[in-house]
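Quick notes on the structure that follows.
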Amino acid sequence: MHEIVIARVAERQWHAVEDDRVVGRGDTSHRPDGRIFLSIDAWHDAVFDRLADAMLADLPRPLYTVVDEPDVDLTSCWQRAGFTTRRREWEYVLPTDPRVTGLGSVLSPEGVTTVPVGAAREDPLREVYDAIRAEVDATVGWESMPVEVPVRPDGTPLPLDPSKYAVAVQADRYVGLVRVTGRVALQPRIGLLAVRSDQRRRGIARSLLAHVLGALHHSGVETASAEVNESNEAAMALFEGIGARRVNSNLELVLR
């Protein structure tokens with residue numbers, strides 16, 4: 001093996017070069033919550049280790065990465081660099097057919113109506129999103145949620161895209177939301193399902209899910225996907241109660 005040279009080629013990118021060939025790449029991404037996530041693609045474990053050493057020497061801690069739990073080799077590489085498991089996310093496949101989910105007879109709670117995907121107004125959508133985010137931040141922390149909203153370079157949030165949200169409304173106030181992302185015609189993803197704290201345990205989340213999955217089924221989509229933190233027992237019970245299947249798991253690792 002020729003000498004491996006590690007170089008930082010951009011603010012967020014490192015290359016490992018051997019005999020004038022790039023044999024490994026390391027990248028960082030900054031999440032809206034300020035956390036730094038790392039990724040490394042290398043031909044050999046030795047190259048991975050060299051890239052990891054160089055990146056860790058340049059970057060402030062804590063640092064994070066996400067791996068598929070079944071990829072034990074990649075997980076082992078990050079563990080050699082000092083990363084430990086912070087949390088696990090289960091990936092689910094959800095049926096959309098109401099005859100399978102049992103959601104066909106689910107109605108919105110009294111006084112609550114559902115605004116379909118694409119019809120929400122941006123200002124009240126931002127209001128309920130920010131309110132829910134503040135409530136989550138005050139408890140388990142927003143970083144526990146499997147959802148990201150794009151931000152501008154200065155860190156301020158971009159406008160929310162109503163084309164991705166359905167909302168629950170009570171007395172002209174948005175009280176819950178569900179976010180649908182991905183390639184909707186092929187494999188849509190339920191990226192966020194949340195209700196204001198003072199409106200929980202009324203069946204609003206279940207009715208939002210019934211509405212979105214029913215609409216997808218009507219358009220010919222047979223399944224959707226979702227990711228759930230394993231500590232979110234309520235969400236897991238909701239999804240598994242409608243016939244969702246666990247198909248994979250991701251680990252979020254951290255170096256403090």
Side-chain angles (χ1 to χ4, degrees), residues 27-29 31-33 35-41 63-79 83-98 100-103 117 129 132-133 136 139-150 161 164-166 176-195 205-206 208-217 219-255:
D27 297 275
T28 65
S29 61
R31 296 282 180 91
D33 58 17
R35 294 185 299 158
I36 302 174
F37 278 71
L38 277 58
S39 65
I40 294 177
D41 180 18
L63 298 167
Y64 302 84
T65 192
V66 175
V67 298
D68 285 340
E69 188 168 8
D71 192 342
V72 294
D73 291 336
L74 180 58
T75 303
S76 177
C77 287
W78 287 111
Q79 289 172 337
F83 284 73
T84 58
T85 300
R86 178 178 177 272
R87 69 171 185 150
R88 174 184 285 108
E89 253 182 23
W90 292 108
E91 182 180 340
Y92 284 91
V93 170
L94 289 65
T96 64
D97 190 338
V100 177
T101 63
L103 296 175
V117 171
Y129 181 92
I132 290 171
R133 175 162 186 161
V136 173
T139 53
V140 297
W142 187 249
E143 67 273 10
S144 68
M145 303 293 283
V147 63
E148 290 295 337
V149 175
D161 183 354
K164 300 182 184 300
Y165 290 87
L177 55 82
V178 57
R179 184 172 186 249
V180 183
T181 60
R183 300 179 66 182
V184 174
L186 298 176
Q187 185 65 70
R189 176 174 176 265
I190 307 301
L192 177 63
L193 176 61
V195 177
R206 187 175 178 84
L208 279 169
L209 189 60
H211 169 82
V212 167
L213 293 181
L216 290 172
H217 179 70
S219 66
V221 177
E222 296 183 355
T223 61
S225 67
E227 296 172 356
V228 182
N229 189 329
E230 68 172 349
S231 67
N232 192 340
E233 296 179 357
M236 289 193 296
L238 174 59
F239 287 144
E240 292 174 6
I242 65 168
R245 297 181 292 108
R246 293 183 186 180
V247 294
N248 196 15
S249 57
N250 299 317
L251 296 177
E252 183 181 287
L253 309 178
V254 62
L255 177 67

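Residue indices begin at 1 and follow the sequence shown.
The distance from atom OG1 of Thr181 to atom OH of Tyr165, rounded to the nearest 0.5 Å, is 9.0 Å. Distance check: Ile190 CD1 to Leu216 CG gives 6.0 Å after rounding to the nearest 0.5 Å. To the nearest 0.5 Å, atom NE2 of residue His217 and atom OG1 of residue Thr101 are 9.0 Å apart. Note that CD of Glu91 is 8.5 Å distant from CZ of Arg189, once rounded to the nearest 0.5 Å. Taking CZ from Phe239 and CG from Leu193, the interatomic distance works out to 5.5 Å, rounded to the nearest 0.5 Å. Note that CG of Leu38 is 5.0 Å distant from CZ of Phe83, once rounded to the nearest 0.5 Å.
In this structure, Thr28 and Phe37 have side chains that are not in contact, with every pair of non-hydrogen atoms separated by 4.5 Å or more. Side-chain contact between Leu177 and Ile132 is present, with heavy atoms from C-beta onward closer than 4.5 Å. Contact annotation: the side chain of Tyr129 approaches that of Leu192 to within less than 4.5 Å [non-hydrogen atoms, C-beta and beyond]. Side-chain contact check for Gln79 versus Thr84: every heavy-atom pair is 4.5 Å or farther apart. Contact check for Leu238 versus Leu209: side-chain heavy atoms found under the 4.5 Å cut-off.
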Mind running salt bridge (Lys or Arg N to Asp or Glu O under 4.0 Å) on Glu240 and Arg246 for me, showing each step along the way? CA-CA 9 Å; Glu240 292 174 6; Arg246 293 183 186 180; 3.1 Å; yes
Stepwise, does the side chain to side chain contact (heavy atoms under 4.5 Å, CB included) test hold for Thr223 with Gln187? CA-CA 7 Å; Thr223 61; Gln187 185 65 70; 3.6 Å; yes
Residues Tyr92, Asn248; criterion side chain to side chain contact (heavy atoms under 4.5 Å, CB included); working and verdict: CA-CA 7 Å; Tyr92 284 91; Asn248 196 15; over 6 Å; no
Residues Leu213, Leu103; criterion side chain to side chain contact (heavy atoms under 4.5 Å, CB included); working and verdict: CA-CA 9 Å; Leu213 293 181; Leu103 296 175; 4.1 Å; yes
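Under the 3.5 Å distance criterion, the side-chain polar atoms of Asn229 are matched with a main-chain donor or acceptor of Ser231. With Asn232 contributing its side chain and Ala235 its backbone, the two residues share a donor-acceptor pair below 3.5 Å.
Remark: Trp90 engages no residue in a ring-ring contact (aromatic ring centres under 6.0 Å, His included) (not counting sequence neighbours). A search for side-chain contact (heavy atoms from CB on, under 4.5 Å) contacts involving Val72 returns nothing, not counting sequence neighbours.
Smallest separation of non-hydrogen atoms from Val117 and His211: N-NE2, 4.4 Å. The heavy-atom pair separating Pro70 from Ser249 by the smallest distance is CD-O, 3.8 Å. Glu227 and Asn250 get closest at one heavy-atom pair: OE2-ND2, 3.9 Å. For Leu94 against Ser225, the heavy-atom pair with the smallest separation is CD1-C, 4.1 Å.
Of the charged side-chain nitrogens involved, at least one lies within less than 4.0 Å of a carboxylate oxygen, so that Arg88 and Glu69 count as a salt-bridged pair.
Under a cut-off of 6.0 angstrom, the local environment of CD in Glu230 is crowded, with over 12 non-hydrogen atoms contributed by other residues, nucleotides or ligands.
Side chains of Tyr64 and Arg35: a donor-acceptor N/O pair is absent below 3.5 angstrom, by distance only.
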